[in-house]
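For reference, the structure is listed below as structure tokens.
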Amino acid sequence: MSTFWRMLHFMKPYRLQMSAAILLGFLTVGANVGLMGTSGYLIAAAALHPENVLLIWLPIVGVRFFGLSRGVFRYLERLFSHDAAFRVLAGIRKWLYGRLEPRGAELLEKNRSGDMLGSVVSDVEQLQHFFLRLVAPPVIALLTIGLCFSILAAYHYSLGLLVALMLILAGAGIPYAAHRFGRVRGESLAEARAELYLQASELVTGLPELVAAGREGEQLLRLESTQRRIDGLNTGMNRIASLSGAAMSAMAKLAMWLVLLTAIPLIGQGKLEGLALPTLILVTLAGFESVMALPAAFQQAGQTLAAGKRLFALADAPLTQPSYGQAAGCSVQGLIELNQPPLEIRFQQVQMHYPDGTSALRQLSFELKQDQHVAIVGESGAGKSSILQLLLKLRPYQTGSILLNRMELRELPEEAVRSLFGVVSQQVQLFNATVLENLRLGKPGASAEECMHAAKLALIHDAIEAMPQGYDTVIGEGGARLSGGERQRVALARALLRDAPITLFDEPTSSLDPLTRQAFVQSMRTVLKNRTVLWITHRLEGLETMDHIIVVRQGSVCEQGTHPALIEARGAYWKLREAQRRRWI
Ligand SMILES: Nc1ncnc2c1ncn2[C@@H]1O[C@H](COP(=O)(O)OP(=O)(O)OP(=O)(O)O)[C@@H](O)[C@H]1O
């Protein structure tokens with residue numbers, strides 16, 4: 001139930017619009033009741049009193065009015081209700097993003113990313129049914145029952161009571177049964193759809209490996225079996241929907257017969273005019289329009305509420321690792337100082353461990369000064385990526401100090417810290433859009449000239465020009481139409497456009513061959529000559545001209561200096577280089 005109230009809470013800002021949608025929904029059904037009622041009266045009057053023009057003329061006007069207004073009300077009701085529902089969804093997405101963003105890394109560790117993406121996207125979509133089918137229709141149905149009762153009771157109270165009772169029975173009983181029978185199936189359907197999404201995305205992303213290993217057939221069979229399960233569940237759901245539709249129709253006809261059986265003796269006793277009979281029947285049938293859609297809505301209620309429950313559970317999951325909390329210690333003056341050159345980063349005796357207790361950094365100390373190019377190198381697992389995560393405030397450090405322009409990192413707001421860095425990482429995020437649009441992610445609103453200038457600096461301009469539509473070429477999902485090196489260069493051009501004070505490279509050459517790697521690092525040195533660069537890698541090619549190299553081992557600095565000095569010392573750096581050289585000979 002708390003899920004229900006929490007979802008209602010999201011509607012609060014749009015309550016006026018939603019009330020208007022409910023009112024318009026009621027007016028639509030009301031217009032239909034009016035249309036049927038006056039039509040019934042018109043038929044009877046035309047048959048029994050064709051000579052009385054006034055008796056016929058008035059209902060004709062009524063029929064026209066209700067017929068036209070019904071369409072207008074329906075249109076406005078759809079407009080208001082869908083607009084409000086989509087605004088509520090937008091609000092939920094924004095709220096959810098705000099809740100998930102600080103725990104992004106941790107959530108990805110605990111959940112399969114396909115699972116998470118699939119369920120979050122489809123669960124949020126599912127919530128639109130909440131207002132459109134679960135909140136508004138029952139209220140409209142209640143109002144309509146009241147309307148039908150008033151109209152029929154005006155003829156005779158027993159008719160009013162009878163029809164109201166039948167409408168309540170049909171409007172509550174059949175949706176309840178549909179909900180009972182559809183709940184488990186609906187939940188299984190949601191799970192199966194999430195599974196299908198995950199299997200399909202695994203198949204697409206892992207296709208080259210699966211084909212190479214000759215296992216794509218197995219994956220396709222899994223996909224087919226999930227699809228069959230979904231088809232089976234869908235058939236079950238459709239069966240329930242058809243049965244409840246038939247039950248609703250039967251209830252409407254039963255109500256009609258009961259009205260006839262009650263009204264005819266009343267006419268015989270002179271308590272009711274014969275002229276009223278068609279009106280009574282048609283109003284009864286029109287009243288059922290308001291409850292017709294309820295069974296299908298409640299059949300899906302299980303799915304909708306389960307979707308809300310999953311989303312709230314994801315958003316409420318406590319962080320096992322304490323977050324930074326509110327960065328309260330930074331004044332406006334502090335933020336100004338943060339952006340004042342010369343910029344300096346200082347790690348002092350930093351210790352960091354992951355939630356499972358794995359110690360990643362131990363007493364780590366180093367410095368990065370304005371315009372310096374510093375490389376942090378080390379074997380796999382040495383702690384290099386953990387340094388990057390600390391700098392971007394993706395993880396907290398436990399002891400020691402990280403100073404950005406003499407200000408403690410944990411006291412600074414995330415946005416201010418992240419705006420200092422342009423990141424070129426191992427996994428370049430490219431989108432299925434044009435090259436230009438991908439570049440503009442670095443600086444929204446950048447002119448085509450600015451983008452080209454950045455592309456020239458990143459030495460990718462010529463390759464882009466050679467594409468079929470140049471900068472307007474669509475580069476495919478994840479930049480699939482580009483080579484690994486081209487992707488890295490597009491990412492670099494993006495980082496250059498961003499023009500952040502510090503450029504962070506995280507294993508940027510991992511998808512390149514040794515020779516291209518060497519050339520890439522050297523060209524980056526030239527392009528980024530007057531910028532501050534932190535280069536994190538376990539590949540040592542091309543680092544000869546770095547200003548400073550820091551070798552990290554088991555979370556702390558084991559050696560540092562310039563390339564010639566480290567080579568001469570024949571220590572850890574020299575050994576790493578030798579080991580890598582032997583590997584590619
Ligand atoms: N999410 C995590 N949870 C627990 N331990 C982790 C996590 N990520 C990294 N570690 C551990 O922290 C240590 C440092 O890892 P880190 O990823 O920083 O190394 P790295 O030098 O970047 O390695 P690589 O070059 O392979 O990327 C390793 O022992 C690793 O197993």
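Residue numbers run from 1 in the order of the sequence given. When a ligand or atom number is given, it counts from 1 through the structure's own listing order. These numbers come from the heavy atoms of this one structure, side chains and all, not from hydrogens, waters or symmetry mates.
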Checklist entry - Looking only at distance, does Gly383 have an N or O less than 3.5 Å from an N or O of ligand 1? => result yes
Checklist entry - Near Ser386, which atoms of ligand 1 are under 4.0 Å from a heavy atom of that residue? => result 14 (C), 15 (O), 16 (P), 18 (O)
Scan the side chains in residues 462-470 for donor-acceptor partners under 3.5 Å anywhere in the protein, sequence neighbours excluded, and list what turns up.
none

Next on the checklist: Does only the side chain of Asp356 get under 4.0 Å from ligand 1, or the backbone, or both, or neither? Count heavy atoms.
Outcome noted: side chain
Checklist entry - Do Lys575 and Glu379 meet the salt-bridge criterion of a basic N to acidic O distance under 4.0 Å? => result no
Next on the checklist: Tell me the contacting part of Glu507 for ligand 1: side chain, backbone, both, or neither, using a 4.0 Å heavy-atom threshold, strictly below.
Outcome noted: side chain
Item to check | salt_bridge(Glu344, Arg346) N-O dist < 4.0 Å | outcome: yes
Next on the checklist: Polar contacts were defined as any N/O atom of the residue lying under 3.5 Å from an N/O atom of the ligand; does this apply to Ser359 and ligand 1?
Outcome noted: no
Checklist entry - Should Glu379 be listed as contacting ligand 1, given a heavy-atom distance under 4.0 Å as the test? => result yes
Item to check | Phe366 and Phe347 aromatic ring geometry - parallel, tilted or perpendicular at 30°/60° bounds | outcome: parallel
Checklist entry - Within 45° of the axis and under 6.0 Å from the centre of the six-membered ring of Phe312, does NZ or CZ of Arg6 qualify? => result yes
Checklist entry - Using a heavy-atom cut-off of under 4.0 Å, does the side chain or the backbone of Arg395 touch ligand 1, or both, or neither? => result side chain
Checklist entry - Think Arg570 forms a cation-pi with Trp574, using NZ or CZ under 6.0 Å from the six-ring centre and within 45 degrees of its axis? => result yes
